[in-house]
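Take a look at the structure set out below.
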Amino acid sequence: MATPKTFHVKSFGCQMNVYDGERMAEAMAASGYASVASERDADVVVLNTCHIREKATEKVYSDIGRLRKGKPNQMIAVAGCVAQAEGAEIVRRAKVDVVVGPQAYHNLPRLVADAARGAPALDTNMPLLSKFGALPARRRVGPSAFLTVQEGCDKFCTYCVVPYTRGAEVSRPFDAIVEEARALVGAGAQEITLLGQNVNAWSDGDRDLGALIRVLDRVPGLSRIRYTTSHPNDMTEGLIDAHRDVESLMPFLHLPVQSGNDRILRAMNRSHTRDSYLRIIDRVRAARPDIALSGDFIVGFPGETEAEFADTLSLVDEVAHASAFSFKYSPRAGTPAATMPDQIAPEVMTERLARLQERLARDQAAFNRATVGKRCEVLVERTGKLPGQMLGKSPWLQSVLLENGPPVGTLVEVEITAAGPNSLTGVPALSAAA
Ligand code: SAH
Ligand code: SF4
Ligand code: F3S
């Protein structure tokens with residue numbers, strides 16, 4: 001194979017994969033490879049993959065097939081959670097050139113060079129020494145940036161592959177995070193979203209995530225802080241207090257619940273109950289009354305009866321989430337739930353998902369409508385489709401469309417003038433007053 005010169009990274013799955021994809025691109029650039037915008041022009045395509053549901057994994061194999069047909073000599077590197085889960089199996093099954101896991105991608109440039117000389121190029125190690133120390137510093141980012149502070153999961157929900165693909169829970173050290181946050185602000189970020197599979201399990205000594213947020217709040221130039229994804233059991237008093245006290249901590253909490261039924265939650269090994277979830281929501285709302293709540297839901301977990309599913313619907317009614325993600329249960333090889341009896345028929349799952357999504361959409365539309373007429377700050381993140389249109393985010397993570405909006409990177413006071421199911425329209429407050 002000729003020595004590759006250009007690369008393109010394509011990330012699937014969660015926000016942590018987006019972050020990892022950026023850092024892989026930075027590592028490749030630091031080793032002399034040039035990033036290209038289209039996968040067609042790339043000598044190396046890096047597929048940064050997700051293994052969470054069957055569809056996500058299948059997508060990888062169909063993508064590899066498509067790439068192979070398009071440009072036979074292109075090098076294909078598989079990174080991310082499918083790389084970790086399948087390892088050498090992907091090389092056998094799909095003849096890819098490089099396989100690199102989520103804890104080993106600082107080695108991607110070397111693996112690409114190895115593959116170019118025909119040497120085996122597979123690294124799915126989970127080294128004790130963190131990849132972060134081996135990655136180049138952040139250089140240029142948009143107004144809203146991700147920062148991984150915690151990785152891995154020790155919770156072992158019975159349906160989930162993440163503890164196997166990402167490894168054990170590890171918190172990055174406090175100093176390294178503060179340093180990266182400063183670097184991100186220097187590179188253009190005004191908003192930072194702290195990432196972790198269980199981000200609120202982050203700790204360093206006696207500091208919890210709430211304490212970290214209080215320190216980041218004082219980083220000059222950093223206007224907004226967010227974090228995701230949290231687990232109900234790691235929702236500390238300190239973090240809830242931060243929602244009351246820290247102005248730059250945005251009023252938004254993504255707190256997956258999965259089901260509203262205690263028997264199902266036990267079978268999922270969620271280690272929280274319906275009631276303990278609802279009590280956390282009460283405490284968070286007491287601390288920050290305008291907080292927007294979000295959640296994840298799974299329908300059709302093995303053995304879920306209609307009555308048990310109805311408990312999920314009633315929990316939704318009780319909480320009124322501002323947004324949510326909901327999924328059909330997908331059996332994953334190697335997880336305990338995959339071999340549980342009473343797997344639910346696909347058509348039952350489809351029907352339950354439709355009923356759940358109808359309620360979630362109702363609550364999201366109501367939440368969006370309630371912001372009409374309010375004023376809030378919007379961080380402008382990108383240009384819209386038509387000339388003059390700009391897109392940004394409200395404090396509650398809603399997309400806001402501004403006609404004749406200010407440039408990318410502006411934090412602007414906006415009056416919300418209209419709401420749709422998935423976004424808002426606003427007018428900069430100065431022109432609204434004029
Ligand atoms: N660590 C996070 C995110 C995990 S993956 C958390 O615990 O919340 C994101 C979501 O995918 C989960 O919250 C869950 O709703 C969904 N999910 C995970 N495994 C799944 C499976 N096997 N089938 C369907 N949905 C799944
Ligand atoms: Fe998966 Fe559960 Fe861990 Fe979330 S907490 S990553 S759902 S095992
Ligand atoms: Fe997918 Fe791995 Fe994220 S399985 S959701 S990319 S942690």
Side-chain angles (χ1 to χ4, degrees), residues 11 15 18-19 21-22 25 35 37-38 138-147 181 184-194 216-217 219-228 246-254 288-294 321-325 360-434:
S11 289
Q15 288 146 318
V18 174
Y19 172 86
E22 289 167 3
S35 170
S38 132
R138 313 303 311 266
R139 284 221 297 262
R140 200 164 59 94
V141 295
S144 179
F146 293 135
L147 200 182
L184 286 169
V185 171
Q190 291 182 54
E191 173 178 282
I192 290 180
T193 303
L194 307 174
L216 294 178
D217 176 56
V219 170
L222 182 59
S223 326
R224 290 177 155 193
I225 302 169
R226 302 182 184 275
Y227 62 94
T228 200
V246 181
E247 212 193 320
S248 64
L249 179 58
M250 291 293 102
F252 187 94
L253 173 63
H254 180 67
R288 182 77 209 230
D290 72 331
I291 199 156
L293 294 163
S294 167
H321 294 85
S323 67
F325 297 101
L360 293 170
R362 171 202 67 191
D363 293 344
Q364 181 171 330
F367 185 87
N368 287 347
R369 263 198 316 277
T371 52
V372 176
K374 281 193 189 163
R375 281 190 178 199
C376 64
E377 278 189 332
V378 169
L379 177 60
V380 180
E381 293 180 18
R382 53 196 179 89
T383 53
K385 280 197 189 111
L386 300 175
Q389 281 186 344
M390 302 302 289
L391 290 164
K393 292 273 165 59
S394 78
W396 307 281
L397 207 64
Q398 297 145 299
S399 291
V400 183
L401 177 73
L402 304 171
E403 303 288 351
N404 301 312
V408 168
T410 315
L411 194 60
V412 61
E413 179 85 5
V414 160
E415 184 174 327
I416 303 299
T417 50
N422 299 311
S423 63
L424 307 175
T425 306
V427 183
L430 283 178
S431 44

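Here, residue 1 is the first one in the sequence, and each next residue gets the next number.
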Which salt bridge (charged side-chain N to carboxylate O under 4.0 Å, His left out) pairs, counting each pair once, include a residue from residues 377-399, with sequence neighbours left out?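 Every salt bridge (charged side-chain N to carboxylate O under 4.0 Å, His left out) pair that includes a residue of residues 377-399, provided the two are not neighbours, is Glu381-Lys393.
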
Where is the tightest heavy-atom contact between Asp290 and Pro251, given as atom of each residue plus distance?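 That would be OD1-CB, 3.6 Å.
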
List the atom of Glu191, the atom of Leu379, and the distance in Å for their closest heavy-atom pair.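 Glu191 and Leu379 have their closest heavy atoms at CB-CD2, 3.6 Å.
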
Would you be so kind as to tabulate the donor-acceptor pairs closer than 3.5 Å made by side chains of residues 399-409, with sequence neighbours excluded?
{"residue": "Glu403", "atom": "OE2", "partner": "Gln389", "partner atom": "NE2", "Å": "3.2"}

Would you compute the distance between atom [atom1] of [X] and atom [atom2] of [Y] and round it to the nearest 0.5 angstrom?
X	Y	atom1	atom2	answer
Thr371	Arg369	OG1	CZ	10.0 Å
Gln398	Leu424	CD	CG	4.5 Å
Ser248	Gln190	OG	CD	12.5 Å
Asn368	Asn422	CG	CG	7.5 Å
Leu147	Leu216	CG	CG	8.0 Å
Phe146	Ile192	CZ	CD1	11.5 Å

Is a donor on one side and an acceptor on the other found under 3.5 Å between the side chain of Thr425 and the backbone of Thr417?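 No, Thr425 side chain to Thr417 backbone: no donor-acceptor pair under 3.5 Å.
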
Take Leu411 and Arg224, measure what side-chain contact (heavy atoms from CB on, under 4.5 Å) needs, and give me the verdict at the end. CA-CA 10 Å; Leu411 194 60; Arg224 290 177 155 193; 3.9 Å; yes

Measure the shortest side-chain to side-chain distance between [X] and [Y] over non-hydrogen atoms and say whether it is less than 4.5 angstrom.
X	Y	value
Tyr19	Thr193	no
Arg226	Leu194	no
Tyr227	Leu249	yes

Is the count of non-hydrogen atoms from other residues, nucleotides or ligands lying under 6.0 Å from Arg362 atom CZ greater than 12?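 Yes.
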
Could you go through the side-chain contact (heavy atoms from CB on, under 4.5 Å) check for Phe252 and Ser323 one step at a time? CA-CA 10 Å; Phe252 187 94; Ser323 67; 3.9 Å; yes

